[in-house]
**Q** 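First the structure, which I've put down as structure tokens, then a few questions once you've had a look.
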Amino acid sequence: MSFDLQLKGLRALVTGGTKGIGAAVVQGLHAAGVQVMTTARAVPAEPNAGVSYVAADLSTAEGVAEVARSVRERWGGVDILINVLGGSSAPGGGFAALDDAQWFDALNRNLMPAVRLDRALLPAMLAQGSGVIVHVSSIQRLLPLPESTTAYAAAKAALSTYSKALSKEVTPKGVRVLRVSPGWVETEASVALAERLATQAGTDYEGGKQIIMQSLGGIPLGRPAKPQEVADLITFLVSPRAGSISGSEHLIDGGTVPTV
Ligand SMILES: NC(=O)c1ccc[n+]([C@@H]2O[C@H](COP(=O)([O-])OP(=O)(O)OC[C@H]3O[C@@H](n4cnc5c(N)ncnc54)[C@H](OP(=O)(O)O)[C@@H]3O)[C@@H](O)[C@H]2O)c1
């Protein structure tokens with residue numbers, strides 16, 4: 001059976017596309033024949049041939065405006081907008097360790113880039129009567145970990161609620177809006193974290209992975225997802241083959257969330 005995703009020639013902007021999940025998404029879309037533009041604060045030393053890179057800090061309104069300007073100058077608009085950028089560098093220590101700066105950092109990394117970029121690029125999608133937007137959230141919006149990710153989890157919850165509201169508003173006008181919520185994904189950054197935890201606990205990398213999995217209450221599948229697996233899900237969801245899917249959240253967590 002052939003399964004043509006019918007993505008060839010479409011125009012996509014992917015945020016956070018130089019590492020981890022975003023880099024896998026960029027690669028997957030490019031391989032599917034999509035014209036891809038991506039953003040990060042730094043252009044990689046070995047950029048993906050055929051992919052356009054725009055260096056900008058998307059935690060600021062100016063950075064978002066710069067990226068939106070590049071999209072308009074090059075293409076006029078996009079067919080696919082994938083908001084991958086997000087993350088947290090908050091310290092451990094629960095609520096008391098989270099000052100205003102930590103809270104604003106969580107919102108400026110996980111909520112506002114998507115809100116601002118959607119606002120800038122949606123009008124052209126609405127004018128053409130088609131488009132798809134993905135917001136990469138996290139299972140932590142359902143399963144917050146109080147030791148160090150309260151602000152991150154709350155920002156992802158805000159992103160998810162915003163995404164649902166947007167889908168209600170623009171799906172009737174031809175634009176699909178979706179959420180993809182990964183559990184633990186074995187990116188370069190999380191490999192480094194597992195290695196650090198392993199060293200601290202005097203164990204090996206597999207032991208470090210077990211520490212992370214235990215902190216999540218276990219992963220029934222027994223392993224984290226691979227960035228490529230998250231990218232494959234997103235690539236399908238943005239394709240015309242998923243044309244009747246909108247307003248929904250898609251968990252990819254090996255069964256981590258223990259409830260229905
Ligand atoms: N990894 C996981 O286990 C996991 C689990 C659940 C959800 N998620 C979510 O999945 C998404 C991707 O996570 P990841 O772990 O794959 O990310 P990552 O490996 O940390 O990569 C982050 C990307 O965003 C860029 N970036 C960071 N800060 C930026 C800024 N201020 N402005 C513009 N670009 C910026 C980075 O490049 P520069 O550093 O050069 O800017 C990089 O390309 C995030 O939304 C995250 O919350 C991840």
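Sequence positions, counted from 1, serve as the residue numbers for this chain. Counting starts at 1 for both ligands and their atoms, following the listed order.
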**Q** Show which atoms of ligand 1 fall inside a sub-4.0 Å distance from at least one heavy-atom site of G87.
**A** 47 (O)

**Q** Considering non-hydrogen atoms of the protein only, which is the closest contact for atom 32 (N) of ligand 1, and what is the distance?
**A** L58 N, 2.9 Å

**Q** Is it the side chain (CB and beyond), the backbone, both or neither of P113 that lies under 4.0 Å from ligand 1, heavy atoms counted?
**A** neither

**Q** Report yes if some N/O of A40 lies less than 3.5 Å from some N/O of ligand 1; otherwise report no.
**A** no

**Q** To which protein heavy atom is atom 5 (C) of ligand 1 closest, and what is the distance rounded to 0.1 Å?
**A** G183 O, 2.9 Å

**Q** How does A189 reach ligand 1, if at all, at less than 4.0 Å between non-hydrogen atoms: by side chain, backbone, both, or neither?
**A** neither

**Q** Could you tell me whether E229 and R223 have a side-chain N and a carboxylate O separated by less than 4.0 Å?
**A** yes

**Q** Tell me which protein heavy atom sits closest to atom 47 (O) of ligand 1, plus the residue, atom name and distance to 0.1 Å.
**A** Y152 OH, 2.6 Å

**Q** Please check: side-chain N/O of T171 versus main-chain N/O of R176, any donor-acceptor pairing under 3.5 Å?
**A** no

**Q** Could you find the nearest protein heavy atom to atom 42 (C) of ligand 1 and give me its residue, atom name and distance?
**A** T18 OG1, 3.6 Å

**Q** Looking only at side chains, do T39 and T15 share a donor and an acceptor under 3.5 Å apart?
**A** no

**Q** Apply the test side chain to side chain contact (heavy atoms under 4.5 Å, CB included) to residues L193 and W184: give CA-CA distance (whole Å), side-chain angles for both, the deciding distance (0.1 Å), then the verdict.
**A** CA-CA 12 Å; L193 172 65; W184 182 31; 5.9 Å; no

**Q** Give a yes or no answer on whether the side chain of E188 reaches the backbone of G20 with a donor-acceptor pair at less than 3.5 Å.
**A** yes

**Q** Could you walk me through whether D79 and Q128 satisfy the side chain to side chain contact (heavy atoms under 4.5 Å, CB included) test, starting with their C-alpha distance in whole Å, then the side-chain angles of each, then the deciding distance to 0.1 Å, before giving a yes or no?
**A** CA-CA 9 Å; D79 305 296; Q128 71 190 14; 3.3 Å; yes

**Q** Does the side chain of T18 come within less than 4.5 Å of V43's, by heavy atoms?
**A** no

**Q** Side chains of R74 and S52: is there a donor and an acceptor less than 3.5 Å apart?
**A** yes

**Q** With atoms numbered from 1 as shown, which atoms in ligand 1 lie under 4.0 angstrom from a non-hydrogen atom of V136?
**A** 9 (C), 10 (O), 11 (C), 45 (O)

**Q** Against heavy atoms of A42, which atoms of ligand 1 measure under 4.0 Å?
**A** 40 (O)

**Q** Output yes when a protein non-hydrogen atom is found under 4.0 Å of atom 20 (O) of ligand 1, and no otherwise.
**A** no

**Q** So which heavy atom in the protein is nearest atom 3 (O) of ligand 1, and how far is it from that ligand atom?
**A** V185 N, 2.8 Å

**Q** Give the contacting part of Q140 toward ligand 1: side chain, backbone, both or neither, where contact means a heavy-atom distance below 4.0 Å.
**A** neither

**Q** What I'd like to find out is whether the side chain of K8 reaches to under 4.5 Å of the side chain of V34, using heavy atoms alone.
**A** no

**Q** I'd like to check atom 17 (O) of ligand 1 in this structure: does the protein have a heavy atom lying under 4.0 Å from it?
**A** no

**Q** Check for me whether S137 has a heavy atom closer than 4.0 Å to any atom of ligand 1.
**A** yes

**Q** So, is the end of the R241 side chain (NZ or CZ) under 6.0 Å from the ring centre of F236 and within 45° of the ring's axis?
**A** no

**Q** Among all protein non-hydrogen atoms, which one is nearest to atom 31 (N) of ligand 1, and what is the separation to 0.1 Å?
**A** D57 OD1, 2.8 Å

**Q** Report yes or no: does a heavy atom of P227 sit under 4.0 Å from some atom of ligand 1?
**A** no

**Q** Rounded at 0.5 Å granularity, tell me how far CG in L178 sits from OG in S167.
**A** 8.0 Å

**Q** Any salt bridge between K164 and E249, counting N to O under 4.0 Å?
**A** no

**Q** Closer than 4.0 Å to some heavy atom of A56 - which atoms of ligand 1 meet that?
**A** 32 (N), 33 (C)

**Q** Any side-chain heavy-atom pair from D253 and I219 closer than 4.5 angstrom?
**A** no

**Q** I'd like to check whether S190 has a polar contact with ligand 1, where a contact means an N/O of the residue lying under 3.5 Å from an N/O of the ligand.
**A** no

**Q** Tell me, with the steps shown, if V175 and V132 meet side chain to side chain contact (heavy atoms under 4.5 Å, CB included).
**A** CA-CA 5 Å; V175 179; V132 52; 5.9 Å; no

**Q** Tell me, which protein residue and heavy-atom name are nearest atom 48 (C) of ligand 1, and how many Å apart are they?
**A** I21 CD1, 3.9 Å

**Q** Look at atom 45 (O) of ligand 1 and find which of V84, L193, N108 reaches it with the closest heavy atom.
**A** V84

**Q** Is there a donor in the side chain of S190 and an acceptor in the side chain of T187, or the other way round, less than 3.5 Å apart?
**A** yes

**Q** In terms of atom number and element, which parts of ligand 1 are under 4.0 angstrom from non-hydrogen atoms of G20?
**A** 16 (O), 19 (O)

**Q** Of the listed options (T187, T60, T39, V67), which comes nearest to atom 14 (P) of ligand 1 when hydrogens are ignored and any heavy atom counts?
**A** T187

**Q** Could you tell me the residue and atom name of the protein heavy atom closest to atom 6 (C) of ligand 1, and the distance to it rounded to 0.1 Å?
**A** P182 O, 3.3 Å

**Q** As an exercise, identify every atom of ligand 1 less than 4.0 angstrom from a heavy atom of W184.
**A** 3 (O)

**Q** Considering A55, A114, S88, G16 one by one, which has a heavy atom nearer to atom 24 (O) of ligand 1 than any of the others?
**A** G16

